[in-house]
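Atoms within each ligand, like the ligands themselves, are counted from 1 in listed order. Just so we're clear, the structure is a prediction, and the values are computed from it rather than from any experiment.
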Amino acid sequence: MKTLAPKTGNSCFGCGADNPLGLKLTFHGDPEKGTAWTEFLPPHFLAGGANMMHGGFIALLLDEVSSKVLSMQGKRGVTRNLEISYQKPVNLSGPVRLEGSLIRHEGRKHFIKARILNPGGDVLAESEALFLVFNTSS
Ligand SMILES: CCCCCCCC/C=C\CCCCCCCC(=O)SCCNC(=O)CCNC(=O)[C@H](O)C(C)(C)COP(=O)(O)OP(=O)(O)OC[C@H]1O[C@@H](n2cnc3c(N)ncnc32)[C@H](O)[C@@H]1OP(=O)(O)O
């Protein structure tokens with residue numbers, strides 16, 4: 001088990017310590033299994049309408065936890081594709097759980113799935129992403 005906490009000098013909206021508007025998320029995960037997760041209470045400025053999270057922010061959260069699957073393994077890469085399935089509204093009045101896991105990789109191409117769950121374990125949104133990693137030789 002590994003934990004990645006927000007760092008000074010990082011202005012990432014999702015996980016940096018130095019973005020005044022950012023979420024400052026701390027992630028946990030298992031580098032060997034290729035997993036990452038976090039839980040947090042979404043702030044209301046992520047709203048779309050009717051106390052539901054904006055779909056663009058849902059994409060951001062799925063992208064973020066997917067990228068952390070790689071960070072846990074010491075890999076650096078960027079999103080090439082992100083396909084999202086919005087299944088149920090992400091309600092802003094309770095905590096959410098983000099989970100990501102590596103499906104497989106072929107050299108620099110890393111395929112990662114992610115999801116957002118409510119405290120009852122319902123899957124609210126799911127994604128499958130392709131990340132291109134810069135610092136891998138295998
Ligand atoms: C947010 C700032 C990030 C800054 C990063 C600085 C470095 C720091 C590193 C780590 C920090 C982590 C930060 C994470 C933050 C969360 C993650 C994000 O939000 S990242 C931002 C959004 N993403 C982009 O802005 C990428 C924009 N795209 C690109 O720059 C290029 O497309 C790039 C470098 C990713 C690849 O470019 P090509 O020219 O090398 O390759 P091509 O033609 O795009 O294709 C790559 C491979 O993917 C396959 N491919 C494409 N679509 C596919 C699909 N649907 N299924 C399977 N394969 C597919 C293709 O066939 C190709 O394969 P074949 O190499 O030929 O074997």
Side-chain angles (χ1 to χ4, degrees):
M1 173 75 105
K2 189 170 172 180
T3 295
L4 296 174
K7 283 188 192 154
T8 326
N10 182 350
S11 57
C12 173
F13 181 83
C15 69
D18 282 349
N19 187 327
L21 300 175
L23 299 174
K24 301 181 176 65
L25 298 175
T26 293
F27 286 87
H28 312 281
D30 184 334
E32 283 175 22
K33 287 187 183 156
T35 59
W37 63 271
T38 191
E39 288 174 353
F40 77 111
L41 184 63
H44 200 265
F45 64 75
L46 302 184
N51 204 39
M52 285 160 54
M53 189 182 292
H54 193 291
F57 286 121
I58 291 172
L60 177 141
L61 294 175
L62 292 165
D63 190 25
E64 184 70 27
V65 71
S66 299
S67 79
K68 286 299 171 287
V69 169
L70 298 177
S71 307
M72 290 287 166
Q73 299 184 329
K75 295 175 178 172
R76 293 170 65 75
V78 290
T79 325
R80 174 62 170 77
N81 282 323
L82 181 66
E83 186 175 325
I84 298 167
S85 167
Y86 295 92
Q87 292 163 8
K88 292 180 182 170
V90 179
N91 200 298
L92 288 171
S93 46
V96 294
R97 181 180 172 90
L98 314 180
E99 294 179 349
S101 61
L102 183 66
I103 303 168
R104 69 180 196 284
H105 77 96
E106 298 158 16
R108 64 179 185 148
K109 288 185 280 188
H110 288 61
F111 298 88
I112 297 169
K113 63 181 179 180
R115 56 190 195 165
I116 303 179
L117 303 104
N118 68 15
D122 300 315
V123 177
L124 310 178
E126 282 184 298
S127 63
E128 200 165 315
L130 169 60
F131 276 70
L132 273 281
V133 167
F134 304 130
N135 62 345
T136 186
S137 54
S138 57

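A side-chain contact (heavy atoms from CB on, under 4.5 Å) with Glu106 holds for exactly one of His110, Arg108, Arg104; it is Arg104.
Evaluation of the side-chain hydrogen bond (donor to acceptor under 3.5 Å, both in side chains) rule for Arg76 yields no partner, not counting sequence neighbours. With sequence neighbours excluded, the residues satisfying side-chain hydrogen bond (donor to acceptor under 3.5 Å, both in side chains) with Ser85 are Gln87.
The protein residues lying under 4.0 angstrom from ligand 1, judged by non-hydrogen atoms, are Asp63, Ser67, Arg76, Gly77, Val78, Thr79, Arg80, Asn81, Arg108, Lys109, Phe111, Leu130, Phe131, Leu132, Phe134.
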Give every donor-acceptor pair under 3.5 Å between a side-chain atom in residues 25-38 and any protein atom, sequence neighbours left out.
residue: His28; atom: ND1; partner: Thr3; partner atom: OG1; Å: 3.0
residue: Asp30; atom: OD1; partner: Glu32; partner atom: N; Å: 2.9
residue: Asp30; atom: OD1; partner: Lys33; partner atom: N; Å: 3.2
residue: Thr35; atom: OG1; partner: Asp30; partner atom: N; Å: 3.2
residue: Thr38; atom: OG1; partner: Thr26; partner atom: O; Å: 2.6

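For the pair Asp18 (side chain) and Gly9 (backbone), a donor-acceptor distance under 3.5 Å is present.
Looking only at side-chain heavy atoms (C-beta outward), His54 and Leu46 stay at 4.5 Å or farther from each other.
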